[in-house]
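Here is the structure we will look at, set down as C-alpha cells.
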Amino acid sequence: MKNPTRLVLSAAAALIVTGCTASPGEQGPTSSAEPDDTGSTSTPADGDDFEAAWLDDGRMFAIVTWGSSTCIPFVDEVSAEGQNVTVALTLSSDQQACTADFAPRASVGALPEGVDPTKDVEFLVTLDEITDDVDLDGNPALTGVPGEATDYEPSAGWFDDAGIVLLTWGSSGCPPVVESIDTQATGATVNFKTEDRACTMDMAPRATLIGLEGEVDDDADYTLTLVGDDLDATVDVLRG
C-alpha cells in the first residue's frame with residue numbers, strides 16, 4: 001500500500017433498498033460530524049474522482065465522493081444489469097448551506113438482487129453533472145447475498161490504500177464521532193467519543209471514513225477494533 005495520510009471524517013449515509021428486504025430504507029441521510037482536531041484531509045488529484053468499497057459482507061457498497069463535508073450525497077437510485085451497477089447520487093433539496101471545505105463523503109447503498117459480490121463490479125456513478133466509472137474487485141470471501149436483509153452488524157471496507165469506510169447502525173441523529181486512532185501494521189484501534197446526546201429513535205446506517213497513517217501491511221488481513229460510544233466490536237476490513 002502507499003504511504004497513507006491521516007483522515008478522519010464522520011460522514012452521513014443513506015440506504016437505498018432496491019432489492020433489499022427488512023432494511024430501514026425509509027431513512028434519510030444522517031447528519032455529519034466534524035473531523036477531530038488531529039485529523040486532516042488530503043485532496044485527490046482530480047475532484048471528480050470517485051471510489052468504492054464493499055460493506056455488509058457484500059450486500060452493500062459505499063461510494064466515496066469529494067465536496068462539502070456538510071452536504072452529503074445520498075443514494076437516490078440503484079439498478080443493475082449483470083455486474084454493471086448504475087448509481088444516481090443526489091443532494092437533499094432541504095439541506096443547509098454547504099460549507100466551502102473539500103472533504104471525502106461516503107454514500108451507502110444496497111446492491112440489487114442478482115449482483116455477485118465475489119466477482120468484479122463496475123459502478124457507473126452520477127452526481128450532479130459528474131459521471132464516473134468505478135471498478136470494485138470481487139472478493140471470494142464475501143458470503144452476503146444482495147437483496148437479503150442486513151444483519152445490522154458493523155462492517156468496513158477499503159476505498160483506497162489509506163482509507164476505510166466503516167458502517168455502523170444506530171440513531172441517525174447521533175453519528176459516531178472519532179476521538180483518536182491507534183494504527184498498527186495489521187489493524188487499528190478506533191476510539192469514539194462517548195457523549196450524552198439527544199438521539200432520534202430510528203435505526204439507520206452511519207458511514208465513518210477512517211484514514212490511516214504509518215506502515216500498513218498490505219499482504220495481511222486488517223482489523224478495526226472499535227472502542228466507546230456503545231460501538232465496541234472487532235471488524236475485519238473487506239478488500240475490493
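Every heavy atom of this structure was used, including side-chain atoms; hydrogens, water molecules and symmetry mates were not. What you are looking at is a predicted structure, and each value in this text was computed from that prediction instead of being measured.
Atom CD of E51 and atom OG1 of T65 lie 11.0 Å apart (nearest 0.5 Å). Atom CZ of F50 is separated from atom CG of L127 by 5.0 Å, given to the nearest 0.5 angstrom. The CG atom of D57 sits 9.5 Å away from atom OG1 of T150, with the distance rounded to the nearest 0.5 Å. A distance of 11.5 Å separates OG of S69 from CZ of F102, quoted to the nearest 0.5 Å.
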When you look at W158 and L212, which way does the side-chain contact (heavy atoms from CB on, under 4.5 Å) test go after all the steps? CA-CA 11 Å; W158 294 102; L212 306 175; 3.6 Å; yes

For side-chain contact (heavy atoms from CB on, under 4.5 Å), just list the numbers for L89 and R105, CA-CA rounded to whole Å, side-chain angles, deciding distance to a tenth of an Å, and then say yes or no. CA-CA 12 Å; L89 302 179; R105 301 89 51 91; over 6 Å; no

Taking it one step at a time, do L209 and V165 satisfy side-chain contact (heavy atoms from CB on, under 4.5 Å)? CA-CA 5 Å; L209 295 182; V165 180; 3.5 Å; yes

Between R239 and D137, is a side-chain contact (heavy atoms from CB on, under 4.5 Å) present by the stated rule, with each step listed? CA-CA 8 Å; R239 296 187 180 275; D137 293 342; over 6 Å; no

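Cluster annotation: L55 and V145 are assigned to distinct hydrophobic clusters (Ile/Leu/Val/Met/Phe/Trp/Tyr, side-chain heavy-atom contacts under 4.5 Å, transitive). The same ILVMFWY cluster, assembled from side-chain heavy atoms under 4.5 Å apart, contains both I130 and I63. By the rule that hydrophobic residues join a cluster once side-chain heavy atoms approach within less than 4.5 Å of another member, M203 and L167 end up as members of one cluster. Note on I181 and V227: separate hydrophobic clusters, where clusters join Ile, Leu, Val, Met, Phe, Trp and Tyr whose side-chain heavy atoms are under 4.5 Å apart, directly or indirectly.
Between L142 and L238, some side-chain heavy-atom pair lies under the 4.5 Å cut-off. Counting heavy atoms from C-beta outward, M60 and V75 have side chains that stay 4.5 Å or more apart. At a threshold of 4.5 Å between non-hydrogen side-chain atoms, the residues D221 and V237 do not count as touching. Under the 4.5 Å side-chain criterion, counting only non-hydrogen atoms from C-beta, W54 is in contact with V121. Contact check for P154 versus W169: no side-chain heavy atoms found under the 4.5 Å cut-off.
The two atoms that bring G157 and A53 nearest to each other are O-CB, 3.8 Å, heavy atoms only. Shown here for E213 and T183, the closest heavy-atom pair between the two residues is O-CG2, 3.2 Å. Scanning all heavy atoms of the two residues, the minimum distance from A185 to Y222 falls at O-CE1, 3.4 Å. Considering every non-hydrogen atom in both L224 and A156, the closest pair reads CD1-CB, 4.0 Å. Between F74 and L91, the closest heavy-atom pair is CE2-C, 3.9 Å. Of all heavy-atom pairs spanning V85 and P112, the tightest one is CG1-CD, 4.4 Å.
In terms of modelled atom types and a separation under 3.5 Å, the side chain of R59 and the main chain of P117 share no donor-acceptor contact. In this structure a side-chain-to-backbone donor-acceptor pair under 3.5 Å is present from D202 to S172. Under a 3.5 Å cut-off, the side chain of D132 and the backbone N or O of V125 do not form any donor-acceptor pair. In this structure a side-chain-to-backbone donor-acceptor pair under 3.5 Å is present from Q83 to D116.
Between the side chains of D229 and T194, no donor N or O sits under 3.5 Å from an acceptor N or O. Side-chain contact of T99 with T70: a donor-acceptor pair under 3.5 Å is present, judged by distance alone. A donor-acceptor contact closer than 3.5 angstrom links the side chains of N191 and S180.
In this pair, F123 and F61 present their aromatic rings tilted. The plane angle is within the 30 to 60° band.
Under the side chain to side chain contact (heavy atoms under 4.5 Å, CB included) test applied with L226, the options D232, V190, T189 reduce to a single match, V190.
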